[in-house]
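Each remark here refers to the structure printed beneath this line.
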Amino acid sequence: MASEAKRPKVGGGSERLQDFLLWCDRVGLVLNNKVFVSTEGTVADYGMLAKENIEKGEVLFTIPRSALLHQETTKVSALLSKERLSLESSSGWVPLLLALLYESTSSQSHWKPYLSLWPDFKALDHPMFWSEEERDRLLKGTGIPEAVARDLSNIQAEYRDIVLPFMIRHPELWNPSTHTLELYTQLVAFVMAYSFQEPQDDDDDEDDEEEQEKKAPNPPMMVPMADMLNHVSDHNANLEFGPDSLKMVSVRDIGKGEEVFNTYGQMANWQLLHMYGFTEPYLHNSHDTADIPLSCLYKAATRDILSESERQLFNERFEVLSQMMQEGGAFVFGKHGCLTESELHSALKLLSMSQDEFSEFKDNEGWEEEDEDDDAISQAFSNEGLPDLKASWKALIHEAVRLTLGSYGDSELESDRLLMEDKVALKGLTSRQWRALQVRFGQKRILHKLLELTK
Ligand code: SAM
């Protein structure tokens with residue numbers, strides 16, 4: 001496919017890599033002699049390999065905080081801080097993105113050897129860079145086309161309403177003909193795939209849950225060297241945040257020649273593709289999931305409702321349910337069962353109540369203290385527990401799964417399974433087709449398993 005062939009590789013950038021490593025020395029970034037950065041023998045372009053056996057708990061590299069690139073270290077930090085109120089947005093990413101627009105196009109940037117590792121950020125191949133037609137054809141039903149549409153609309157609004165007016169106010173530092181929407185979008189993808197977020201302070205443990213929810217997450221930041229590491233769910237290293245420096249530490253023994261893998265979090269393949277542009281082969285991804293959208297549960301529950309008055313009564317309780325669910329509500333299933341079991345449990349109880357029970361529920365403003373414990377609910381909605389659920393609940397889940405499967409272009413597993421087993425056909429797939437297949441197949445397998453467990 002043309003777009004694949006055109007995709008530039010970062011490999012061969014040994015000069016850029018040498019410049020970066022010299023810069024690392026200058027800024028006091030300390031690399032353990034047992035590891036090295038390479039473009040050969042890694043799963044994707046740059047990555048880190050073990051030169052010798054490494055034991056669990058060894059520090060692989062240390063990055064002083066002064067080497068991090070974020071809104072407080074960039075050359076334009078004073079201005080960003082002075083004008084922070086005008087840079088507020090729902091993503092909270094605008095200050096870092098303005099810093100990156102500036103630093104990535106300034107010949108004098110302190111981070112030039114670091115940012116030059118990815119010329120023009122053109123190698124990124126997130127679905128946001130695919131055509132809409134390609135996203136719909138390859139990813140229908142996975143949730144990614146909708147997530148990308150939301151991203152693109154937010155990016156455009158953020159650029160038009162916040163970034164552009166700000167740049168026009170500061171022509172000495174930014175120029176809309178250099179700092180275009182296209183570059184901004186590429187940097188959003190770079191931040192999605194390469195940035196880190198500092199965990200909230202330890203003191204936060206003492207805050208109650210409500211307080212925690214109110215706290216905005218820490219803004220993203222760029223962490224040179226840590227972002228050279230690739231991800232697998234079965235990772236062998238982890239980034240630790242200290243007061244003066246950040247350290248990458250091995251979390252198990254790593255053999256000579258093995259790749260050092262960080263974790264980007266517990267990521268399903270659809271999240272990896274959406275945010276990072278890659279997938280793990282579906283069998284290897286222990287964190288893979290499939291969603292049952294709330295709308296499918298609604299359709300399943302209202303299937304047999306015929307009269308308008310009955311539907312109105314039902315809609316009332318569905319409204320209560322929608323408010324109980326998080327935004328974009330969906331029930332998430334992993335390879336071993338439901339991961340949002342308390343939401344699903346509440347939903348099933350609410351939907352299968354009699355009208356009298358529902359009136360009582362509303363009068364009490366919720367349920368009376370429950371005696372069921374979390375472990376019991378977790379067990380009931382695991383793959384082992386699902387076949388023993390109440391028949392009416394199983395039927396509801398079964399129908400919701402069937403409807404969810406209907407949202408994929410092809411709900412059957414068979415065609416994807418045949419493709420997965422056909423080595424010759426697999427070789428003929430473009431990288432986009434291959435990654436999309438890993439997402440679709442992984443999700444459909446989870447959903448088909450659920451059909452079996454609830455029949
Ligand atoms: N390999 C990256 C590079 O050359 O710049 C360094 C890691 S960077 C933090 C994240 C990007 O690496 C992702 O967006 C993806 O393109 C790639 N990546 C990370 N883990 C991967 C994996 N297991 N398989 C394929 N690509 C991966």
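First listed ligand is number 1; within each ligand, the first listed atom is number 1.
Heavy-atom proximity to Tyr276, at under 4.0 Å, picks out these atoms of ligand 1: 13 (C), 14 (O), 15 (C), 16 (O). Atoms of ligand 1 lying under 4.0 Å from any heavy atom of Ala193, numbered from 1 in the order shown and given with element: 9 (C), 10 (C), 14 (O).
The side chain to side chain donor-acceptor pair (under 3.5 Å) with Tyr408 is formed by just one residue from the set Lys140, Lys444, Gln443; it is Gln443. The side chain to side chain donor-acceptor pair (under 3.5 Å) with Ser233 is formed by just one residue from the set His287, Glu280, His284; it is Glu280. The residue from Tyr264, Tyr46, Phe121, Trp118 that alone fulfils the ring-ring contact (aromatic ring centres under 6.0 Å, His included) condition with Tyr194 is Trp118.
Checking only distances, Val232 never comes within under 3.5 Å of ligand 1, N or O to N or O. Where the criterion is an N or O separation shorter than 3.5 Å, residue side chain and backbone included, His126 fails it with respect to ligand 1.
Of the heavy atoms in Met228, only backbone atoms (N, CA, C, O) come closer than 4.0 Å to ligand 1. Here Leu229 has backbone heavy atoms under 4.0 Å from ligand 1, and that is the only part of it that gets that close. Residue Tyr46 touches ligand 1 through backbone and side chain together, judged by heavy-atom distances below 4.0 Å.
The environment of Lys51 atom NZ is dense: over 12 non-hydrogen atoms of other residues, nucleotides or ligands sit within 6.0 angstrom.
The shortest separation from a heavy atom of His231 to ligand 1 is under 4.0 Å, placing the residue in contact. In this structure, Trp118 is part of the shell of residues with a heavy atom less than 4.0 angstrom from ligand 1.
Among all heavy-atom pairs drawn from Pro220 and His70, the shortest one is O-CB, 4.3 Å. Residues Pro64 and Gly28 approach most closely at CD-O, 3.5 Å, considering heavy atoms.
When the heavy atoms of Asp45, Asn230, Asn285, Asn262 are ranked by distance to atom 1 (N) of ligand 1, first place goes to Asn230.
Between Phe278 and Tyr276, the ring planes are perpendicular. Angles over 60° get that label, and only those under 30° would be called parallel.
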